[in-house]
Amino acid sequence: MSDEKALSSLRQLAAEPAWRSAFIRQILALEAEIATPGVDIREEVTGPLVDALFDDDQVVRKTLSNGVTFEFLYRSKIARDFVMSQPETPDHAWEPQTSRILVDLARRAKQVVIGGAYFGDHAILIAREVAARGGVVHAFEPNNEQRAMLQRNAELNGLTNIRPRPEGLWDDSSTNLKLVGYDSFASAEVTAEGADDGFRTVTIADYLAAAGVNALDLIVLDIEGAEMAALKGAEAFLAQPKGEAPDILFEVHRHYVDWSVGLENTPLARFLTGHGYELFALRDFNSNYDLAGRPIELIPLGAIHLEGPPHGFNMVAVKDASVFDNDRYLICRDVSPKLLRHKDPALHHPIGGL
C-alpha cells in the first residue's frame, strides 16, 4: 500500500470520534513508555502520528472540565497538544499556568485588551471571568480565519462581552502590516497601503478612546515581536499609578528580544520598569499539560535562567507584587521559565518535580 493510500485510510478511520480517541490514548501510553531524557518524544514521534489523523482545515471541538467549549482549526502545535491532553477533559486549552494566572488577574479586571487572541484559548476564559462585572475583552486578531473561530467560540459559550478586532496593535494608528509565517507562528511586518493581505494598525490608547473606554485593567500580548510597539501605544495607561495601571502579560522570545546583556537591560524591560512595574518570568509548559493543584511559579527579573537555544516564554508585569503573596504562587530563582519534560529536572521541571 502506498504512503498516500495508507494516510487516506488512516484519516477515514480517524473520522470516527471513538476510534480517534482510542488511537490517541494508545499514542499517549506509548509516549509515556518510551520517554527518554534529552529526547522530545512528542515532537519527534508521537506528535507526528497524531498529526496524520487530521487535515489543516479540519475543525475540532473539545470541552474543558469547567464546561467551556472550543472549536479550533487543526493547524498548530496548540491544536495538537490540546487534542492530546491528559486528562481528555483538561482545565485549559494551552499553557496551564498562563491560563490560570490570566483568570486570576481577570478577577480584578473589567477592561481587557488582548493582542494575538487566536481562536480564544485565553480570551474565552478571561471573558467568562469578567462578564459578571460587566467586563469587556477587546480581542485583536488580524488572522481572519482565527478571528472567525474566536467569534464562534464566544457564541458557543454564550459570551457577548468579546469584541473581536482585525487591527494590529502598534505604536501608531497609521501603519499597514501583513502577517508573515504560518498561523500561530506568523509575525507582522510593514507593507504597502492597500496590499491584499494587509491590515491597519491601531494603538491601544487610540482604540480605547474611540470606544469611550478611559480605564484599562489587563493587557495580554502574544504578537511575535510586536509587544514593545503595542505597549508604547498604551503608554498613557502604563504611566498611571499603582491601583490604576493595568497588569500586563506578554511573551518575550530570543528571536525578537536580545537579552545577551541581561533581560533586565533590554529596552522592553527598561520601558516597563521605568513606569514602575515589577517583572516576573512565568514558568510554564508551551503545551497542554496537567498542573492542577500546583502553585504558579514566578521568577523575578534578574534571577531567570536564560541559557539554551533561542526560546520564548511569558512574563507578567505588575505595579503591586503583593497580589502574589498567597499560596497560589511560588517565587523561585535561578531556574528556567521553560518547563520541558525531557530536559534537566533541576532547571526545567516545576519545583518539587513532575
Side-chain angles (χ1 to χ4, degrees), residues 14-25 27-28 47 50-51 53-107 109 112 114 116-141 143-165 183-184 218 220 222 249 284-293:
E16 297 294 331
W19 186 94
R20 187 170 62 203
S21 294
F23 182 84
I24 292 172
R25 284 195 296 271
I27 291 295
L28 290 169
V50 172
D51 288 342
L53 303 177
F54 298 90
D55 295 314
D56 283 354
D57 293 326
Q58 188 166 342
V59 176
V60 184
R61 178 181 285 203
K62 196 169 174 75
T63 299
L64 302 185
S65 57
N66 63 3
V68 168
T69 297
F70 288 105
E71 287 188 354
F72 51 97
L73 294 162
Y74 193 95
R75 54 173 59 166
S76 67
K77 180 182 175 182
I78 295 173
R80 184 195 68 199
D81 286 7
F82 190 15
V83 164
M84 295 178 72
S85 70
Q86 291 181 288
E88 286 190 53
T89 305
D91 62 4
H92 66 288
W94 181 245
E95 298 175 323
Q97 301 295 42
T98 299
S99 299
R100 290 177 64 199
I101 198 170
L102 286 175
V103 171
D104 208 9
L105 294 174
R107 291 192 176 103
V112 181
I114 300 180
Y118 206 44
F119 64 77
D121 49 313
H122 293 142
I124 296 296
L125 301 180
I126 294 170
R128 194 168 180 258
E129 182 60 39
V130 303
R133 294 183 296 282
V136 177
V137 175
H138 309 273
F140 291 81
E141 178 48 68
N143 183 302
N144 294 331
E145 291 176 303
Q146 294 298 345
R147 192 171 64 257
M149 297 305 300
L150 167 65
Q151 182 64 53
R152 170 62 175 158
N153 286 324
E155 294 168 357
L156 280 175
N157 292 284
L159 295 168
T160 60
N161 63 332
I162 295 180
R163 308 287 181 264
R165 300 296 308 182
D183 200 62
S184 63
L218 178 61
V220 184
D222 184 2
L249 187 139
D284 206 355
F285 283 98
N286 193 230
S287 180
N288 182 293
Y289 192 91
D290 184 21
L291 288 175

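- Here the CZ atom belonging to Phe285 is positioned 6.0 Å from the CG atom belonging to Leu291, to the nearest 0.5 angstrom.
- Residues meeting the side-chain contact (heavy atoms from CB on, under 4.5 Å) test with His122, sequence neighbours left out: Trp94, Glu95, Thr98, Ser99, Leu102.
- Nearest heavy atom pair, residue Arg147 against residue Pro164, reads CG-CB, 3.9 Å.
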Item checked: Audit row: Tyr74, Asp55, side-chain contact (heavy atoms from CB on, under 4.5 Å) steps and yes/no -> CA-CA 7 Å; Tyr74 193 95; Asp55 295 314; over 6 Å; no

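- Of the possible polar contacts, one joining the His92 side chain to the Tyr289 backbone as a donor-acceptor pair under 3.5 Å is found.
- No side-chain donor from either of Asn288 and Ser85 sits under 3.5 Å from a side-chain acceptor of the other.
- Listed by chain and number, the residues in a side-chain hydrogen bond (donor to acceptor under 3.5 Å, both in side chains) with Arg128 amount to none (sequence neighbours excluded).
- Under the side-chain hydrogen bond (donor to acceptor under 3.5 Å, both in side chains) criterion, Thr89 pairs with no residue at all, not counting sequence neighbours.
- Nearest heavy-atom pair across Tyr118 and Ser76 is OH-OG, 3.1 Å.
- In this structure Asp104 satisfies the salt bridge (charged side-chain N to carboxylate O under 4.0 Å, His left out) test together with Arg107, Arg328, sequence neighbours excluded.
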Next item on the list: Just do the side-chain contact (heavy atoms from CB on, under 4.5 Å) check on Asn153 and Thr69 with the steps written out, would you?
Entry: CA-CA 7 Å; Asn153 286 324; Thr69 297; 5.9 Å; no

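- The line from CD of Glu71 to CZ of Arg61 is 4.5 Å long, rounded to the nearest 0.5 Å.
- The two residues Ala117 and Leu150 have their closest heavy-atom pair at CB-CD2, 4.0 Å.
- From Gln151, atom CD reaches atom CD1 of Ile162 across 8.0 Å, with rounding to the nearest 0.5 Å.
- Under the rule for a salt bridge (charged side-chain N to carboxylate O under 4.0 Å, His left out), the partners of Arg25 that lie at least two apart in sequence or sit in another chain are Glu88.
- Every residue two or more places apart in sequence or in another chain that forms a ring pair (Phe, Tyr, Trp, His ring centres under 6.0 Å) with Phe119 is listed here: Phe70, Phe72.
- Judged as a side-chain contact (heavy atoms from CB on, under 4.5 Å), and not counting sequence neighbours, the contacts of Arg165 are Phe140, Glu167, Tyr207.
- For the pair Pro90 and Lys62, the tightest heavy-atom approach, listed with the atom from each and the gap, is CD-CE, 3.9 Å.
- Residues Met84 and Leu28 form a side-chain contact, since some pair of their non-hydrogen atoms from C-beta on lies under 4.5 Å apart.
- Every residue two or more places apart in sequence or in another chain that forms a side-chain contact (heavy atoms from CB on, under 4.5 Å) with Ala292 is listed here: Asp91, Asp290.
- Considering CD1 of Ile24 and CZ of Arg80, their distance stands at 11.5 Å, rounded to 0.5 Å.
- Here the straight-line distance linking atom CG of Leu105 with atom CD of Glu129 works out to 10.5 Å at 0.5 Å rounding.
- Here the closest non-hydrogen pair linking Val59 and Met149 is CG1-CE, 4.1 Å.
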Next item on the list: Apply side-chain contact (heavy atoms from CB on, under 4.5 Å) to the pair Val68 and Thr63, showing each step before the final yes or no.
Entry: CA-CA 6 Å; Val68 168; Thr63 299; over 6 Å; no

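- For Ser21, there are no side-chain hydrogen bond (donor to acceptor under 3.5 Å, both in side chains) partners at least two apart in sequence or on another chain.
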Next item on the list: With side-chain contact (heavy atoms from CB on, under 4.5 Å) as the test, would you mind laying out the steps for Val136 and Val130 before giving the verdict?
Entry: CA-CA 7 Å; Val136 177; Val130 303; over 6 Å; no

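- With rounding to the nearest 0.5 Å, the separation of CG in Leu53 from CD1 in Ile27 is 8.0 Å.
- Asp222 pairs by the side-chain hydrogen bond (donor to acceptor under 3.5 Å, both in side chains) definition with nothing, not counting sequence neighbours.
- Taking each heavy atom of Ala93 and Leu64 in turn, the nearest pair found is N-CD2, 4.0 Å.
- For residues 154-164, the set of pairs meeting the side chain to side chain donor-acceptor pair (under 3.5 Å) definition, not counting sequence neighbours, is empty.
- In this structure, the side chains of Ile101 and Asp284 stay at 4.5 Å or more apart for every pair of heavy atoms.
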